[in-house]
Amino acid sequence: MAEEKELRYDPAVIETKWQQRWAEDPSLYAAEPAGCGKPKYYVLEMLPYPSGQLHMGHVRNYSIGDALARHMWMRGYNVLHPMGWDAFGLPAENAALKNHTPPRQWTLANIDAMKRQMQRLGLGYDWATEVTTCLPEYYRWNQWFFLRMVEKGLAYRKKSKVNWCPDCATVLANEQVVNGCCWRHEETIVEQRDLVQWFLRITAYADELLDGLDTLEGWPEKVRTMQRNWIGRSEGTEVDFTVEGSAEKIRVFTTRVDTIFGATSVQLAPEHPIVKDFAATNAELRAGVDKLIDEQKRAREAGDLGAIEKHGVATGRFALNPYNGARVPIWVANYILMDYGTGAIMSVPGHDERDFEFATKYGIEVQRVIAPGAGNSDEPSLPFTSEDGVLVNSGIYDGMSCEAAQKQLQDLAASKGFGQATVTYRLKDWGVSRQRYWGTPIPMIHCDRDGLVPVPDDQLPVLLPEQVEITQQGGSPLGRVADFVHVKCPRCGGDARRETDTMDTFVDSSWYFYRYTDAKNSKAPFDPAAAQYWFPIDQYIGGVEHAILHLIYSRFWTKVMRDLGLVRNDEPAQRLFTQGMVIKDGAKMSKSKGNVVSPDDMVARYGADATRMYALFAAPPDRDLDWQEDGVAGVSRFLGRVWRLASRYAPLAKSRRGESAPVPQGVALKLLRKMHQTTAKITQDFEGRWHFNTCVAAIMELVNDMQAADAQLAAGEVPAPVLYDLLRTLVLLLAPFAPYLAAELWQAIGEDGAVLRAPWPVSDPDLAKEDKLEIPVQVNGKLVTVVRVASNADRAAMEAAAQKDEKVQARIAGKTVAKIIAVQGKLVNLVVK
RNA sequence: GCGGAAGUGGUGAAAUGGCAAACACACUAGCCUUAGGAGCUAGCGCCCAAAAGGCUUGCGGGUUCAAGUCCCGCCUUCCGCACCA
């Protein structure tokens, strides 16, 4: 049968054809100017690192975003749907070492390859706004922002303990250390080094970053919680204890100043500066402290600070409690961290579990200073950590509530000058220096006479030199480029040296989505008016792994830009969606697991539409997705059925599309009804739940119904105009999920223009409504039968129909019907005794 | 330890408190044929030889006319946090 051969769905042919047409007409996916009169919609997916290969995680992320963008286009919005490249970073240097390809060349070639993959997938991006972060046109604005931050005191240099990844041969920000290991080298323990580094003062926005989370109702609660934990705000009190026989003071931080009368020791972090003084004349103490430092370091490196066994050494010195003059021993303990609070605590074993454990071990006194509140006379065993109680053994504060006592003790400390209320954060300033080549040069100059001098704005960008030899030696590779390093001081004109560190690549991704709104601007990072039109992002879509990295940095950056007067929004993204991982054989798809499925391979075998549609069909988007190739084949077969069905009936339908049809009946009515139900379901899902898996299933049901009616369709039982309506709506519903096939069939049914410009179908509730309903009938909650009633049947009619039924009769014979529950349109339940 | 998510057929999964397993994959049987990774038809949770019937959403309780769904307790898995004073 020769004609059967023609009826073969060949995605390669269809998809290449449309890919070419779309390439020829970039306006299809282009954002329109602000004055276009349509409401705006900014849908954004996280930009990829150009490794050279898209992986399935990308395909999933971008299929979700593209479906949404297409839907919004069809809903008549002015959609901004951009894409770019997070193009700086270490892999380019590693590749340079391995294949002697310059990082720039390697990166741009990868971008080329990945862009082709995206285009092959049919993702509808506005490539006119493409952003590539490793190009000077982009990174000069990183430098510009950096200078603004220097001016505002938000960028500064200091020596401190920093995280050093030996594999990256560079420092890392705290956010980039995961369980004591490098976020890129999961097996590599991050070392602590003392280095002078550049920091961005993200802590200046700590409270705003925390409070702003409450306004981000469109963000997953999980991400908000992670950010709250990361910021780690804690209100408390700082109190100075005097060192006995010395003028020195030890400042402690506590959240429970109300328990201070129960402080029976002061505990110092092993690296506390005063410990060094104590140990200077005490070799035994020095040895003990060194051991504690070592224990702490090892625990930190094991990423298991929480499990460290508590050890301590007594210093032999004593401290005086400023509230009552009590004399308590000073200890050094391995569970006290120098980088939190003041690096010193007052130990209250009666009311803190950790202090209790330590005190018990070393025979330190335990005192009760909090008792349960009035009307509760029993004395709970120590440690009693509740804040719901009253003070005892605390002098004039006895009987006061914990909360009231805290306030009074803080006021006293403040008025006497030995302490005050403070807030402590876990969040630290963002260390942005990297001792690497392939990043944005930090635009600063070191002059012996003038110190640190910013590069003047008119000398930006500080260009990253080409032809740099990449080695694995320590120190920044830029330091070995004489031409780069030697520079005249902009202030005094004398010989000076450039800063040779580059910026963390998370700087690039902290504001890239603003650049999309005005990507070609050479005078400013972007036009504030453009940003104001498009921002905030209506829907951001990406992986949850960036919850405390990119997603906190970019919130910070937005607030800085707002304070610079560049934007008016406080937050970058109104709504955030984090899609689940792609799993295969029970593990996350990854090279190291060897379970990677290549998108190219899938596209070659089954086509882009099938690959994308499977990524949406196999699981709801927020859940993990199990990749099964048979499933992709199944979706491909489905698309084949759609194609054949449409091809078979398109000629007839389109030739008589304008004719008026009689009121549909029989199979025509049935199909029309299904069509309106499907439209309603999918429309609803785009507006809310985003269960695209069931959207695809609904389209399958519609197609199954149409196919089951094939004989009637062939016999002309469905009037041509109705048939046309069915096919047309099917294509429209398919368009966000299978754009290639939709474009092809749109043409096949004789429509002009792009399906993307056609309005999204509207479901008619009257036509969606069934005329007869099957109502389940239960007796005592157990299903007995199903009765058919008119869809508008009231409860009485339903009850009557149920009681008339033979099976029900048999079941209730000889019993008393105590009660009948009838829910209109739902069910009837007879309660019998 | 704290917080969050999840646990449903052989598999991926579906179900505003109202017929559990839609839609698909795999499998079985049949048809067709240009022998394909194609198409079509039928079957497919478990127990019982079949029917009739009974059972079934990790486990145990509860609320309700009615619970996969709500409440309480527990188990398991995954994710985040974890001596943060």
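Just so it is clear: chains get the letters A, B, ... in the order the sequence lines come, proteins before strands, and each one is counted from 1.
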Is any side-chain N of the basic residue among [X] and [Y] closer than 4.0 Å to the acidic one's carboxylate O?
X        : Y        : result
A/Glu806 : A/Arg811 : no
A/Arg228 : A/Asp214 : yes
A/Arg256 : A/Asp258 : yes

message = Regarding B/C65, can its base be found pairing with the side chain of A/Asn829 as donor and acceptor, where the two atoms are less than 3.5 Å apart?
response = yes

query = Do A/Glu629 and B/G37 have a side chain to base donor-acceptor pair shorter than 3.5 Å?
reply = yes

Residue [X], side-chain heavy atoms: nucleotide from [options] that is nearest:
X        : options             : value
A/Phe617 : B/C40, B/A24, B/C19 : B/A24
A/Leu337 : B/A82, B/U11, B/A85 : B/A85
A/Arg605 : B/C19, B/C23, B/G37 : B/G37
A/Arg426 : B/C81, B/C40, B/A85 : B/C81
A/Arg637 : B/G18, B/A14, B/C25 : B/C25

inquiry  = Measuring only the P atom in each nucleotide, how far is B/G68 from B/U8? A whole number of Å is fine.
reply    = 15 Å

So, does [X] get its side chain near the phosphate of [N], meaning an N or O under 4.0 Å from OP1 or OP2?
X        : N     : value
A/Arg8   : B/G36 : no
A/Asn704 : B/A24 : yes
A/Ser234 : B/A85 : yes
A/Lys782 : B/C55 : yes
A/Arg623 : B/A6  : no
A/Asn693 : B/A14 : yes

task = Using the closest heavy atom to pick a nucleotide of RNA chain B for each, name whichever of A/Thr255 or A/Thr694 lands nearer the 5' end.
result = A/Thr694

task = For A/Ala269 and for A/Val786, locate the closest nucleotide of RNA chain B by heavy-atom distance; then report the residue assigned to the nucleotide nearer the 5' terminus.
result = A/Val786

message = With a 6.0 Å cut-off on the ring centroids, do A/Phe418 and A/Tyr323 count as close?
response = yes

ask   = Under 3.5 Å, side chain of A/Thr342 to main-chain N/O of A/Arg251, donor-acceptor pair present?
value = yes

